[in-house]
Protein chains: 2
Amino acid sequence: MKAGPNISHIASLVGEPARANMLTALMSGKALTATELAHEAGVMPQTASTHLAKLEAGGLIVTEKQGRHRYFQLSGGDVADVLEGLMGLAARTGHLRTRTGPRDPALRHARVCYDHLAGELGVGLYDGLHRQGYLAAKDEGVVLTPKGGRALNAFGIDVTGLQDQRRAVCKNCLDWSARRPHLAGSLGAALLDRFFALKWARREKDSRVVTFSPPGERELRERFAIRVEPV
Amino acid sequence: MKAGPNISHIASLVGEPARANMLTALMSGKALTATELAHEAGVMPQTASTHLAKLEAGGLIVTEKQGRHRYFQLSGGDVADVLEGLMGLAARTGHLRTRTGPRDPALRHARVCYDHLAGELGVGLYDGLHRQGYLAAKDEGVVLTPKGGRALNAFGIDVTGLQDQRRAVCKNCLDWSARRPHLAGSLGAALLDRFFALKWARREKDSRVVTFSPPGERELRERFAIRVEPV
DNA sequence: CATACACTTCGGCTATCATCGAATAATGAA
DNA sequence: TTCATTATTCGATGATAGCCGAAGTGTATG
């Protein structure tokens with residue numbers, strides 16, 4: 001009836017608790033199998049299969065077949081952005097989950113948002129990159145400055161390689177816990193990869209939580225001028 | 001248990017077509033009344049009321065009471081951002097076109113909007129009345145010109161009788177399918193009544209579809225300078 | 001080959017929820 | 001007051017869709 005994109009179809013896909021749990025699990029950026037996602041959603045495998053078929057038909061996830069497994073992952077960063085935005089709305093309107101698990105504080109501190117860093121450290125990094133003049137606001141977006149390009153090259157990131165990709169280098173992503181933007185895009189992904197390579201941080205098993213070692217977090221804060229978060 | 005905000009509840013609110021239409025209408029930033037939103041969504045007022053109560057409970061909209069009206073608007077720009085993100089996903093995943101049921105083409109062509117004509121012919125009539133100088137824009141609204149009053153009197157409409165009513169003679173009404181205004185108000189209703197009286201058109205049973213007879217539509221187009229709709 | 005595993009399809013059950021008619025409340029106008 | 005308009009609440013209905021058991025397809029392993 002209405003002209004324009006059909007948002008209700010997409011939203012209804014996310015609006016089912018089992019599917020929302022699956023999508024949340026895929027926010028880790030990892031490809032998961034149907035059985036794993038069924039367990040995450042708390043439903044039988046055959047139920048999960050119909051859900052995954054609908055998510056794929058809706059274009060929210062993509063699949064890859066390997067042997068007798070099928071691996072599912074989000075179809076792109078834009079899906080993760082919308083999910084993160086929905087989390088922000090849910091948090092603001094007081095619809096946090098009734099039982100806040102023990103991992104919740106850790107999630108707020110540092111977590112994976114699809115393929116880049118989110119949480120307190122994520123927004124702190126974003127602010128620090130601005131403070132050091134590595135990033136600059138432009139047209140409601142954000143761009144890498146020449147100074148930032150040199151600095152991050154020295155940090156071990158192939159900046160020119162990133163710029164050759166079709167994907168945007170810098171992108172804002174609204175953080176649901178901090179309600180402020182953090183850095184997405186290929187640069188955001190490359191930075192997180194570099195933190196892992198430097199052994200500053202590691203991923204928790206079966207979780208989006210990113211755990212920084214004490215020296216790793218100290219180095220991160222010094223290197224990128226991250227200030228202590230005001231409570 | 002999962003950590004983080006519960007996105008499925010929020011998403012399910014958007015995932016209902018009627019509510020999605022309401023939210024899309026509120027994307028303009030304007031505050032709309034419950035009746036207006038019911039028209040936008042294509043549901044009865046009591047149905048719209050329950051939807052609006054849920055949207056308010058979910059924190060997506062806020063209300064303000066003024067006299068016997070209640071004005072609804074989005075609770076913040078973050079809601080609009082998420083809706084925009086959903087539109088982007090819907091567009092990317094190829095869900096631009098709306099579901100085309102069998103009744104949809106007829107509905108898009110000509111239908112009743114409360115008590116006046118909507119659809120392609122509705123907006124065509126609106127444009128034709130402007131083109132002939134019968135209607136004139138005024139203060140974001142629309143008024144009947146003296147020339148228009150004479151012409152419509154000759155067409156068989158008691159214009160002076162309309163002006164004595166408390167109800168507004170001319171009013172804009174945004175067309176869902178064309179996303180452009182058509183004519184509402186007592187004049188809009190009187191015109192549709194006249195079309196029925198002249199046997200140019202009739203209403204389909206249990207439907208909002210208005211069917212014009214071939215000679216009726218031809219006369220309508222000639223009399224009111226309705227141009228062929230560009231596809 | 002046989003067996004186990006991963007996943008999908010089918011059929012029926014059930015619960016949820018959107019929808020509308022009717023009634024109610026509240027406000028404004030005559 | 002009386003009437004009209006706006007919005008809400010209640011009750012019944014109907015359609016949608018999630019869910020799981022059972023069966024079927026395809027893949028790896030012994």
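Only this structure's heavy atoms are used, side chains among them; waters, hydrogens and symmetry mates stay out. Proteins come first, then strands; the chains are lettered A, B, ... in the order of their sequence lines, and each starts at number 1. This one's a predicted model, so the numbers in the text were calculated from it and none came from an experiment.
- Picking from D:dC20, C:dT19, D:dT8 the nucleotide with the shortest atom distance to the side chain of B:His51 gives C:dT19.
- Here the side chain of B:Thr47 is nearest to one of C:dT19, D:dG18, C:dC7, namely C:dT19.
- Going from atom CZ of A:Arg70 over to atom P of D:dA28 covers 15 Å, rounded to whole Å.
- Within 4.0 Å of B:Lys54, counting heavy atoms only, lie sugar-phosphate atoms of the nucleic acid but no base atom.
- The residue among A:Val43 and A:Gly67 whose nearest nucleotide of DNA chain D is located toward the 5' end is A:Val43.
- For B:Arg68, taking side-chain heavy atoms from C-beta onward, the closest of the listed nucleotides C:dT27, D:dT9, D:dT27 is C:dT27.
- Distance OH (A:Tyr71) to C1' (C:dC7): 13 Å, rounded to an integer number of Å.
- A donor-acceptor pair under 3.5 Å is formed between the side chain of A:Arg208 and the backbone N or O of A:Val112.
- Checked for salt-bridge contact, A:Arg180 and A:Glu120 miss the test: no charged N lies under 4.0 Å from a carboxylate O.
- Whole-Å rounding puts the A:Glu56 CD to C:dC7 P distance at 13 Å.
- As a whole-Å value, the separation of B:Glu16 CD from C:dC17 C1' is 9 Å.
- With D:dC19, C:dA18, C:dT8 as the choices, the nucleotide that has an atom nearest any side-chain atom of A:Ala18 turns out to be D:dC19.
- Taking atom NE2 on B:His39 and atom C1' on D:dT5, their separation rounds to 13 Å, with Å as the unit.
- Listed candidates were C:dC20, C:dT8, D:dT6. Nearest to the side chain of B:His69 is D:dT6.
- To the nearest angstrom, P of C:dC17 lies 17 Å from CG of B:Leu52.
- Distance from the side chain of A:Met44 is smallest for D:dC20 among the nucleotides D:dC20, C:dA18, C:dT8.
- Looking at the side chain of B:Thr50, the nearest of the listed nucleotides D:dA4, C:dT19, D:dG18 is C:dT19.
- Residues meeting the ring-ring contact (aromatic ring centres under 6.0 Å, His included) test with A:Phe195, sequence neighbours left out: A:Trp200.
- Side-chain N/O atoms of A:Arg203 and A:Thr211 include no donor and acceptor closer than 3.5 Å.
- A side-chain donor from one of B:Arg92 and A:Ser75 sits under 3.5 Å from a side-chain acceptor of the other.
- In this structure, B:Leu37 places its CG atom 10 Å from P of D:dT8, rounding to the nearest Å.
- Protein atom NE2 of B:His9 is 14 Å distant from nucleotide atom P of C:dT16, rounded to whole Å.
- One N or O donor and one acceptor, one from the side chain of A:Gln46 and one from the base of D:dG21, sit under 3.5 Å apart.
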